[in-house]
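Report on one structure; see the data block that follows.
Each chain gets a letter, A, B and so on, in the order its sequence line appears, and its residues count up from 1. Small disclaimer: the values here were computed from a predicted structure and weren't measured.
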There are 4 protein chains.
Amino acid sequence: MTEERWQRLTYWPLVVASLAFIVAYSWQVIANLQGPEYAGMRTVMAATWVVFAIDYLVRLGLAPKKGPWFRGHLFDLAVVVLPVLKPLRLVRAITEIQKMSKGDQLRTQAAILAGGTVAILIWICSLAVLDVERPAPGANILNFGDAIWWAFVTVTTVGYGDLYPITAWGRIVAVVLMSVGIGVVGVVTATTASWFVERAATLAGNDDQEAATRGQVRSLARQLETVAKALPKDAEKVLPRHKEAEPPHPSA
Amino acid sequence: MTEERWQRLTYWPLVVASLAFIVAYSWQVIANLQGPEYAGMRTVMAATWVVFAIDYLVRLGLAPKKGPWFRGHLFDLAVVVLPVLKPLRLVRAITEIQKMSKGDQLRTQAAILAGGTVAILIWICSLAVLDVERPAPGANILNFGDAIWWAFVTVTTVGYGDLYPITAWGRIVAVVLMSVGIGVVGVVTATTASWFVERAATLAGNDDQEAATRGQVRSLARQLETVAKALPKDAEKVLPRHKEAEPPHPSA
Amino acid sequence: MTEERWQRLTYWPLVVASLAFIVAYSWQVIANLQGPEYAGMRTVMAATWVVFAIDYLVRLGLAPKKGPWFRGHLFDLAVVVLPVLKPLRLVRAITEIQKMSKGDQLRTQAAILAGGTVAILIWICSLAVLDVERPAPGANILNFGDAIWWAFVTVTTVGYGDLYPITAWGRIVAVVLMSVGIGVVGVVTATTASWFVERAATLAGNDDQEAATRGQVRSLARQLETVAKALPKDAEKVLPRHKEAEPPHPSA
Amino acid sequence: MTEERWQRLTYWPLVVASLAFIVAYSWQVIANLQGPEYAGMRTVMAATWVVFAIDYLVRLGLAPKKGPWFRGHLFDLAVVVLPVLKPLRLVRAITEIQKMSKGDQLRTQAAILAGGTVAILIWICSLAVLDVERPAPGANILNFGDAIWWAFVTVTTVGYGDLYPITAWGRIVAVVLMSVGIGVVGVVTATTASWFVERAATLAGNDDQEAATRGQVRSLARQLETVAKALPKDAEKVLPRHKEAEPPHPSA
């Protein structure tokens, strides 16, 4: 069996495991479960942990070269070790859904992708912060509403300071939220800004001062190719097909 | 009657309704009206609500295909349901006024459009936050001056934390202000920054290191077209008019 | 006498008046002058006010068309009305000094221009905030060190909230500092970021993925012009000199 | 002996001195050393100071023209005067390591370079702030965990305000961290954002609306060169090799 076939087979089970993890973790933290209920939710989470660990080991086993595969899948290892990252798997599902609407505008795609990621990130980080802060003496993030509010205030870098983590783990969650989230929020911000600039360009009657796009340069290259075709026949022999220094598209 | 004709007919009535809403809401909140005066203002606001609801239903009725129209006008539905969004209608009036000065510089247009939107947004969000926070025990946003100051501090992401919402509704208003406002403020920031870079380019004697503009690439395409015309006659036959991969301009 | 000649004649007197204003205001606020010394400094400031007012009126008188001149010099009117803006005149002096080093790199120019403006802005706003906040009961910005620290924390949007204005005038100064300063700080930030990306491009061995520059497109246009010259003679007749859709360079 | 040869000889000794400085300073501050241990660490730091001072003087002596060398190496002078800047020398080592992986993607390079710099900067500034704040009465940054947390909150401009420097030196360190760090964090943010936009472009099926790259324009220039070669022979004589208005690559 190839790794690709394995990934196709395990795609939906892993999405379900991610969802199960997020539901169980949300329930446990928000309802502040104790005793047998707490144990039950923890069992569900442990089960998803086993599913992800098996998936990781099987794929490592299927890989022809273990070394390069290991170095290229450090994020997958992090997902296995840190259970809290599991729901980020759902971002892959978002991109899967988006593939169906192929051809949409770049800006819409970027906004949906960034919006989805930031929503999952805010949800997970809120749960994690509440989970580690609530039992700490002197903590000020004590219910889920506060935790969500804190996550929004942090990820937009507003940072009022009415609420903030005081435990080491809470601060580590905050640093993750700042490091990743600010970049993703940047996409949403840039999308809004770009919409405004475009709207203003429509009003001004031209967009000559906006940054040149890749599409424009490609159209120019096609125009040049047509000119070349119109040249005396011996010209065409030496004229190569236009090959562009394309930025590499990651497929992962 | 077509939807277009209806929109032309209702353009000014809806602008007036938006202004009536914002004046009534401002008066009620800032003066902290009670008793019959409060009821009076609420009546004005209810009337504007009816006007917007009728407009929405008539346009839905006029649309040839209800489904696509409904999906394409979710923002209009939000304006009907959430009265507080009504004054955003005035942004359309700003763009209307701008159309008269067609041909102005893109940067000026973007600055006016973004500045107008952010001013309306700050005003509405200040009213809404004050409205929901004032009655809450332990709240710290207690007069309109404070509310405006809080909105500025939030939208620029400074976030001192001297003032912040504590109720669920106040926090939702804050999240809207952060999400939309930061992007719009980004346009103002970028405009200021671009003015400085351009000024520096003038001083440096050249702007060779600034990002290429669409206007530049278009000028290059025109130059290439002229070269093509100078080629032997059979060249012109195969040379298509330059068609650019234009970014789509939204008309909504 | 033309307006241009007047401006050449008054250039240095106005720079001196700006410097006199900033020295007098700094002395008065930092040393918290009282009695006759306070009156003395206020007299110096009033004198610079008269100088700026006369300059404004003479230029208005010299202008052939009063209406357009008035609309095009609203900033100059603001400088006359709000004395605190006078030192911004010194930014013009910075650009004057920069002209001597014509040919420098765009990035260096932008950094010096933005750095100079932000330094003057921080200095003025610190003075203004301290001036209005110190007498207010319950204020927390009470000495010049605190005021400078507050201005840095505000302009970078960090906004700890250890210090913040509480008076209406102090908050207006803060909004000016946020609105203008954040954009200018954006230039410094972007310059730092661009230095890093360029350094990384040197390490990576190529900068193919950086944004295309205006210089590149111009070089391409020159190349195309050379090709056109090599065409049969009748080609040159129809080939216009390359005229670029240049972004307008402001001279003010 | 030339300066270049001297730099090759002293490369590793200076890296070791930087590391020795950072280890000694970290130990002294984090363990809050007193008495003989404090003196020991201080001796190590003084030794590295001597090493850097000798290096500076020798290079100044080797320079053919002292004046230009002095003006061009102000940062080196700052490193000698302010011991706390010494570890920034290690950034040079990071770039050295990166050179080995020449050909990597620009984005990865920029992220590693910026990430390394920001990590060193956060570490140094945390030590420096803790060193000057701990003895001050009323200070709130009292242990290394707090100092690191404060540095992260500052450099991302979140600025909760739970912790902030109160001494003049602590505030100067904070201003350095804000001024330099925010730009470098900007690179990390932009890298994250660009990854998202690229991912969205893959999903949308095209990246026509992304900004044009230098690689694209270069590819166009090569295409044009090929067309020129296909022209009648006398054309080639007047066609110069394509020389691009290249942004200067700093080698320092």
Side-chain angles (χ1 to χ4, degrees), chain A residues 95 98-99 102-110 112-114 117 154 157-161 164 166 168 171 174-175 178-180 182-184 186-187 190 211-218 220-221 224-225 227-228 231-232 234-240 242-251, chain D residues 105-107 115 118 122 145-146 148-164 185-186 188-220 222-224 226-232:
Chain A
T95 67
Q98 282 196 296
K99 255 180 210 152
K102 209 170 183 176
D104 262 21
Q105 236 187 298
L106 172 59
R107 208 163 47 187
T108 316
Q109 296 275 6
I112 293 175
L113 190 59
T117 308
T154 299
T157 80
V158 169
Y160 291 122
Y164 47 85
I166 57 160
R171 286 171 174 185
V175 168
M178 289 170 195
S179 308
V180 182
I182 292 170
V184 189
V187 176
T213 65
R214 291 183 187 173
Q216 271 195 314
V217 175
R218 270 172 209 144
L220 203 60
L224 186 55
E225 217 169 311
V227 170
L231 286 178
D234 54 310
E236 262 175 274
K237 280 179 215 147
V238 297
L239 187 77
H242 170 59
K243 203 171 148 300
E244 191 177 285
E246 196 70 43
H249 274 186
S251 52
Chain D
Q105 236 187 297
L106 172 58
R107 209 164 46 188
V118 99
I122 286 179
D146 280 3
I148 283 274
W149 168 243
W150 165 83
F152 266 108
V153 169
T154 299
V155 99
T156 55
T157 80
V158 170
Y160 289 123
D162 52 341
L163 302 172
Y164 47 86
V185 165
V188 180
T189 303
T191 305
T192 311
S194 118
W195 189 89
F196 262 83
V197 170
E198 195 176 285
R199 194 89 189 78
T202 313
L203 290 169
N206 78 71
D207 55 0
D208 278 355
Q209 288 167 60
E210 278 194 68
T213 65
R214 292 184 187 173
Q216 272 194 312
V217 174
R218 269 170 210 146
S219 139
L220 203 60
R222 278 192 301 274
Q223 199 186 349
L224 187 54
T226 320
V227 169
K229 278 202 193 112
L231 286 178

List the atom of F152(D), the atom of M178(A), and the distance in Å for their closest heavy-atom pair. O-SD, 4.3 Å
Closest-packed option against chain D by number of heavy-atom pairs under 4.5 Å, given A174(A), A114(A), G159(A): G159(A)
Tightest non-hydrogen contact, residues I182(A) and T156(D), listed as CD1-CB, 3.8 Å
Tell me which of these, D162(D), V153(D), V185(D), has more heavy-atom pairs under 4.5 Å with chain A than the rest. D162(D)
